Amino acid sequence: MNRKDVIDFIYNEADLLDRMQWQSWIELYHPDARYWMPLEWQQTDPVLQPSLMYEDLLLLKVRVERLAGERTFSQKPKSRCHHLLQAPQLTALDEAAGTASTRTSFIYTETRGDVLERFSGWASHDLVTVDGALRIKLKRIDLINFDAPFSNIQLFM
Amino acid sequence: MAQYTGNAEAVSALVRDTEVHRDVYVDREIFELEMEHLFPSTWIYIGHASQLPNPGDFITATVGRQPVLATRHSNGTIHVFHNRCPHKGVKIASEACGNTGKFFRCPYHAWSFKTDGSLLAIPLKKGYDNTGLNEVQASEGLAKVAEFRVYRDFLFAKLKPGGLSFEDFFGESLSTIDNMIDRSPEGQLRIEATPIRYMHTCNWKMLVENQTDTCHPMVAHESSAGTAIKVWEREGAGSTETPMAVQLYAPFMSPYEFYEKAGLRVWANGHGHSGVANSIHADYSDIPGYFDSMVAAYGGTRAREILGDVRHNSIYFPNLLVKAPVQIIRNFIPIAVDKTLVESWVFRLVGAPDKFYERALMYNRFINAPTSIVGHDDLEMYERAQEGLNSDGNQWVNLQRLYDEDEEADVTAVINGTSERQMRNQFHAWKKFMTGAMQEGAAA
Ligand code: FES
Ligand SMILES: [Fe+2]
């Protein structure tokens, strides 16, 4: 695992989301992973401070399965998304241990029917290596306007 | 085309015993009349005293669309004002909360006001000598709202004078707020965090009605709660305890019989709640140490009584929801006829274990956030209703489930939990306060 592997991994994760390959996307996550969207600036605590999302793998699986559900009316029509990423910055890298952390500035677009919404922020990844493959331990999404009153955000940033 | 302004009779005709005309949800003129008459003549929640712990602290809020400002004065008292400068109308405070120190200073021409609202100073004051400033409202400082009341730390304001007193307006419905507070061993709630905000492209009343609509969860939320149960049954095999997340989602799939037996209670003036004998909040696991501290505080009998009251959703007409067993309130703030801002706040039970706060925060992001799958299910229904109601095929919305001809308005009653009576109750109050205020306006 080297620097390039880490950066390719980040681009690939976004690409799977844009291509709606939910199953392959979720397989990038470690069994103990968390997907976190804080509701405060430079938030430190996901449990005793409010968040938009703080979900484990079970809850991410519920979301992915729901997207395809026959009675998921908020997905008729389906949402689509697009990630525009700036080059990921490595904030930590330990090749021997197989761990890395990155911070990636992004513009995210989600659309459904005639509505299109755009979001800006930073995605931080904590990655570990399991059986020779990189896995996400924590993905943290900090929006620039985390406290704004959004309408539905149904997919993943 | 003004057909409702100044015409209380036409407004009244929109509400029948078992149905309401779609104009209550889609007509711009009706929305304007609600802002002018309904919200100012009813008691509206604006905040909690724990948001104003120190002198100089302030919060801002809206009553209908009108900006208001609450402050903690140097002597500890709370004051509520219209949030506009008496000079040229500039908002005195623009943030949701903060501390202004000893006085407010208007950012435009520096008129200043004490935290009790009185005028402190005007720069170059001699420019007003002999102009008669003393005789106009501007000289009185920040305009106070007609009435406000701090009820066990809950702040409510009424912008128009007269009408029902706080006690007469809320009556027995205050028992839900009491129950939420009593769940703290110290009898105290605290707001520590900003709310989750969620914009809805629908009329505010759809959200209020949905809170006691017990025939929708097992249908509309099959996609979220149903899937959560399915995934848990498949993936949770071997796990001995149901995770908190599944405990929160799963009860949404309870069958009709559950909600029928859980019951519904209506009160006068449009207030009411679902979950009388039982509710989806009844079966969360115990949090160690809590019950003992409640017994120590209240005695065993009273502690069991407090915790045995598991009311689901309590509506404080017109636009506040209180969920006592999970310490959450939701404020449905009207923005436009088809636009509503929902702010969902979590309270900490002072003196209770952190686990309660953790669970309440989790519930709030699972159910009330723009990223919540349960929220997605609901908003989809509101949006479809908002669009569907443009149809002229039928101009009436049906609220007939378990209607009884002998049903009385403005009484306390407990009935079958799948009844749409609380919706009828709300519209009775809507008609009463709308037309009452319109007639008063016409007489004045
Ligand atoms: S508008 Fe406030 S001082 Fe002029
Ligand atoms: Fe719902």
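Here is how names work: the chains are called A, B, and so on, in the same order as the sequence lines, proteins then strands, and each is numbered from 1. Fair warning: this is a prediction, and the values are worked out from it, not measured in the lab.
The two residues B/Met199 and A/Pro149 come nearest to each other via the heavy atoms CB-O, 3.4 Å. Residue A/Phe150 comes nearest to B/Pro370 through the heavy atom pair O-CB, 3.6 Å, listed as atom of the first residue, atom of the second, then distance.
Using a 4.5 Å cut-off between heavy atoms, B/His376 contacts chain A through both its backbone and its side chain. Residue B/Glu222 touches chain A through its side chain alone, counting heavy-atom pairs closer than 4.5 Å. For B/Val342, no part lies near chain A; criterion is any non-hydrogen pair under 4.5 Å. Using a 4.5 Å cut-off between heavy atoms, B/Asn364 does not touch chain A at all. For a residue to count as touching a neighbouring chain, one of its non-hydrogen atoms must lie under 4.5 Å from one of that chain's; by this rule A/Tyr54 touches chain B with backbone and side chain alike. In this structure, chain A has heavy atoms under 4.5 Å from both the backbone and the side chain of B/Ile373. At a 4.5 Å heavy-atom cutoff, the contact between A/Gln154 and chain B is made by backbone and side-chain atoms alike. Interface residue A/Glu40: only side-chain heavy atoms are found under 4.5 Å from chain B. Proximity to chain A involves both the backbone and the side chain of B/Ile196, based on heavy atoms less than 4.5 angstrom apart. Residue A/Asn152 touches chain B through both its backbone and its side chain, counting heavy-atom pairs closer than 4.5 Å. For B/Met381, the part lying near chain A is the side chain, with the backbone staying farther off; criterion is any non-hydrogen pair under 4.5 Å. Residue contact with chain B, scored on non-hydrogen atoms closer than 4.5 Å, is absent for A/Gln75. In this structure, the portion of B/Arg234 lying under 4.5 Å from any heavy atom of chain A is its side chain and not its backbone. Using a 4.5 Å cut-off between heavy atoms, B/Ala228 contacts chain A through both its backbone and its side chain.
More than 12 heavy atoms of other residues, nucleotides or ligands sit less than 6.0 Å from atom NZ of A/Lys78. Heavy-atom contacts from other residues, nucleotides or ligands closer than 6.0 Å to CZ of A/Arg3 number 12 or fewer. Counting heavy atoms of neighbouring residues, nucleotides and ligands inside a 6.0 Å radius, atom CG of B/Asp286 does not exceed 12 of them. More than 12 heavy atoms of other residues, nucleotides or ligands lie within 6.0 Å of CG in B/Asn99, so this atom counts as buried by the packing criterion.
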What's the verdict on side-chain contact (heavy atoms from CB on, under 4.5 Å) for A/Lys61 and B/Trp232, showing C-alpha distance, side-chain angles and the deciding distance? CA-CA 10 Å; A/Lys61 283 181 181 170; B/Trp232 170 246; over 6 Å; no
Go through B/Tyr357 and A/Leu48 one step at a time and tell me if the side-chain contact (heavy atoms from CB on, under 4.5 Å) criterion holds. CA-CA 7 Å; B/Tyr357 194 49; A/Leu48 292 176; 4.0 Å; yes
Worked verdict on A/Leu59 versus B/Tyr249 for side-chain contact (heavy atoms from CB on, under 4.5 Å): CA-CA 11 Å; A/Leu59 292 171; B/Tyr249 276 129; 3.8 Å; yes
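In terms of heavy-atom pairs under 4.5 angstrom with chain A, the leader among B/Thr227, B/Thr371, B/Leu361 is B/Thr371. Ranked by heavy-atom pairs shorter than 4.5 Å toward chain A, the options B/Arg384, B/Lys230, B/Glu383, B/Glu192 are led by B/Arg384. In terms of heavy-atom pairs under 4.5 angstrom with chain A, the leader among B/His221, B/His200, B/Glu358 is B/Glu358.
A salt bridge does not link B/Arg365 to A/Glu55: none of the charged nitrogens lies less than 4.0 Å from a carboxylate oxygen.
Annotation: side chain of B/Val246 is in contact with side chain of A/Leu58 (closest heavy-atom distance under 4.5 Å). B/Leu379 places none of its side-chain heavy atoms less than 4.5 Å from the side chain of A/Ser74.
Between the side chains of A/Arg66 and B/Ser224, no donor-acceptor pair of N or O atoms lies under 3.5 Å.
Judged by distance alone, the side chain of A/Thr72 and the main-chain N or O of B/Ser223 form no donor-acceptor pair under 3.5 Å.
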